[in-house]
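Worksheet: the structure to be examined is printed underneath.
Everything numeric in this text was worked out from a predicted model, so none of it was measured.
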Amino acid sequence: MFDDRHTVLPQGTLPETDIHPVDVGQAGDLRDAQGLPRGSTGLRTRRNWYVAAAACAILVGTGVWSFSAHMAMPERRAVPPSPPVATVALPLRENVTNRTELTGQFSAVNQVGLRAQVSGYLTEIHFQDGQIVRKGDLLFVIDPRPYEIQLQQATAQRETAAAALELADKQVARTARLNREQFATDELLDQRAQTQRAAAAAVQTAEAAIRSAQLNLEFTRIVAPFGGRVSMRRVSVGSLVSGGTSDPTALTSIVSLDPIYLDFDMSEADYVAYRHSSVGQPAEAKTTVQISLDGEQAWSRTGELNFLDNQIDRGSGTLHARATLSNPDLTIVPGQFARVRLPVSPAQPALLIPDSAQLTDQSGKTLMVVQDDGTVVPKKVEIGALEDNGMRVITRGLLPTDRVVINGLMRLRPGLKVEAHLAPLSRTTKN
């Protein structure tokens, strides 16, 4: 760069005698140049001109080299990206039964509150609170000694009555023989016969007293009337319990668990649809319902509809129904809630796709369908019930020949070209 503090001579006006070679010496110090003092204007001007020329030459050479290298490189063509891969499947065609879902509550087939039938002191308890018991298991024992005494007294009375009857029989037989020989009057014979009948009645009374005493003695041992789960005890050993009165002492309660009832109420519309679905079936045909409990696999249990009430409730407009199901593991308890699915139509053909293949927006449900040229096209559909295996019923908007995208939906958009891989569907396909 030129120093603008010094005057630059025009080109061609510099005298020959004013140009002297400069010896920079060992350190390039201008003070050692011959005949030129330090800071000479001509020397600086010439030096700056040489520097500028060298810089221009370097820049020109670099540009020429870069252009040559660029021209020598081969031309690269842009490689188009491969289309995304999407798994598609044809809808599954199956016969499907329409069902309605209702809420039900379990109840015990048998339930009873155990109360004392005889009075006395409670001496034994043979169960733990909440225990599973079987029919005939001993639960409580009331002091049996007073009733053993009653049984002994009744037995003695029967012996006395039997002896009196035996004597009356002999007297009647003797009096009858004497009456035939005219040694005894008819009046005496009638008296002896009446005494005989009274003795026979006394024997029957004594036998009844024995049976009553035996029954009371049996009531001192309280057993489970059926198998099930027993509740907590409401009395303790040593308690004086009352029986045979208007307010007998409550001891505990017991409910059966297997089988068990599921009670639910269906609306009038559901009842009408159910009756239409059962038209043409044999009268003895049983309706199977599906049951789903919290904490278990959905619709993993089945029951049998065995009761419909004889009228619709005027207040609620519902009809009470009941299903019976087995409970072998005893995990269901009375009072527990469950969902029940009741068939309301005969089996009809329908199209099914995995439930995960549908998209939801404000306008409804959409499926992504791949056309023959690989273009993704959205289709608005109407859906039905969700089947047990995760398959969703499509009621409208889908054709059996449509290739529905079942995997890779997040990478797709309408109009995109994809590489479709066809996968089969079956009833075992899971969501």
Above 12 or not: heavy atoms from other molecules or residues under 6.0 Å from CD of Q371? yes

Does a side chain donor of either T287 or Y274 reach within less than 3.5 Å of an acceptor in the other side chain? yes

Could you tell me whether D265 and R322 have a side-chain N and a carboxylate O separated by less than 4.0 Å? no

Within the supplied structure, the quantity of interest is the number of heavy atoms (other residues, nucleotides, ligands) at a distance under 6.0 Å from K170 NZ; does it exceed 12? no

The reported gap from CZ in F264 to CE in M266 (rounded to nearest 0.5 angstrom) is 4.5 Å

Between CG of D258 and CG of L325, what distance do you get to the nearest 0.5 Å? 8.5 Å

For S345, does its backbone N or O pair with a side-chain atom of N98 as donor and acceptor, under 3.5 Å? no

Under the 3.5 angstrom rule, does the side chain of R134 hit a backbone N or O of A224 as a donor-acceptor pair? no

Hey, does L251 have a side-chain heavy atom less than 4.5 Å from the side chain of R234? no

Side chain to side chain, F127 and D129, heavy atoms closer than 4.5 Å: yes

Rounded to the nearest 0.5 Å, what's the gap from CD on E268 to CG on L319? Could you check? 9.5 Å

If you measure only the distance, is there a donor-acceptor pair under 3.5 Å linking the side chains of R339 and T103? yes

With a 4.5 Å heavy-atom cut-off, do V381 and T366 have their side chains touching? no

Any I132 side-chain heavy atom under 4.5 Å of L257 side chain: yes

I142 side chain reached by F219 side chain, heavy atoms, under 4.5 Å: no

Compute whether any side-chain donor of one residue and acceptor of the other, for Q196 and D169, lie under 3.5 angstrom apart. yes

Side chains of T175 and R192 only: does a donor on one sit below 3.5 Å from an acceptor on the other? yes

Any donor-acceptor pair under 3.5 Å from T205 side chain to A201 backbone: yes

Would you give the length of the straight line joining atom CD of Q153 to atom CD1 of I210, rounded to the nearest 0.5 angstrom? 11.5 Å

May I have the step-by-step check of side chain to side chain contact (heavy atoms under 4.5 Å, CB included) for L188 and D190, ending in yes or no? CA-CA 5 Å; L188 179 61; D190 293 339; over 6 Å; no

Start with the C-alpha gap between D186 and N179, add the side-chain angles, then the distance that decides, and say whether side chain to side chain contact (heavy atoms under 4.5 Å, CB included) holds. CA-CA 7 Å; D186 293 339; N179 181 264; 2.6 Å; yes

Nearest heavy-atom contact between A423 and A89 is O-CB, 3.1 Å

Between T249 and S242 (side chain of the first, backbone of the second, donor and acceptor by atom type, cut-off under 3.5 Å), is there such a pair? yes

Below 4.0 angstrom, N of the basic side chain to O of the carboxylate: do R301 and E296 qualify? yes

Atom CG in L293, atom OG in S300: separation rounded to 0.5 Å? 7.0 Å

Taking V141 as the fixed residue, which of T123, I125, T220 is the one that meets the side-chain contact (heavy atoms from CB on, under 4.5 Å) rule? T123

Checking the side chain of Q105 only, and the main-chain atoms of G335 only, is there a donor and an acceptor separated by less than 3.5 Å? yes

Electrostatic pair R229:D137 at N-O distance under 4.0 angstrom: no

Judged by modelled atom types alone, do H320 and D313 share a side-chain donor-acceptor pair under 3.5 Å? no

Which atom names give the shortest non-hydrogen contact between P83 and E419, and what distance separates them? CB-N, 4.2 Å

CD of E207 to OG of S212, rounded to nearest 0.5 Å, is 13.5 Å

Kindly give the heavy-atom pair with the smallest separation between Q157 and A209, and that separation in Å. OE1-CB, 4.4 Å

Check step by step if side chain to side chain contact (heavy atoms under 4.5 Å, CB included) holds for R99 and L342. CA-CA 5 Å; R99 298 180 175 90; L342 179 71; over 6 Å; no

Among I394, V393, T395, exactly one meets side-chain contact (heavy atoms from CB on, under 4.5 Å) together with E382. Which residue is that? T395

With a 4.5 Å limit on heavy-atom distance, are the side chains of L367 and L359 in contact? no

Donor-acceptor side-chain pairing of Q358 and D355 below 3.5 angstrom: yes

Check the surroundings of atom CD in E187: do more than 12 heavy atoms from other residues, nucleotides or ligands lie under 6.0 Å from it? no

Ion pair D373/K417, N-O distance below 4.0 Å: yes

Does the side chain of V241 reach to within under 4.5 Å of the side chain of Y121, using non-hydrogen atoms? no

Restricting to non-hydrogen atoms, name the atom on S231 and the atom on T252 that form the minimum distance, rounded to 0.1 Å. O-OG1, 3.3 Å

Does any non-hydrogen side-chain atom of S356 lie less than 4.5 Å from one of I406? no

Check: K365/T360 side-chain N/O donor and acceptor closer than 3.5 Å: yes

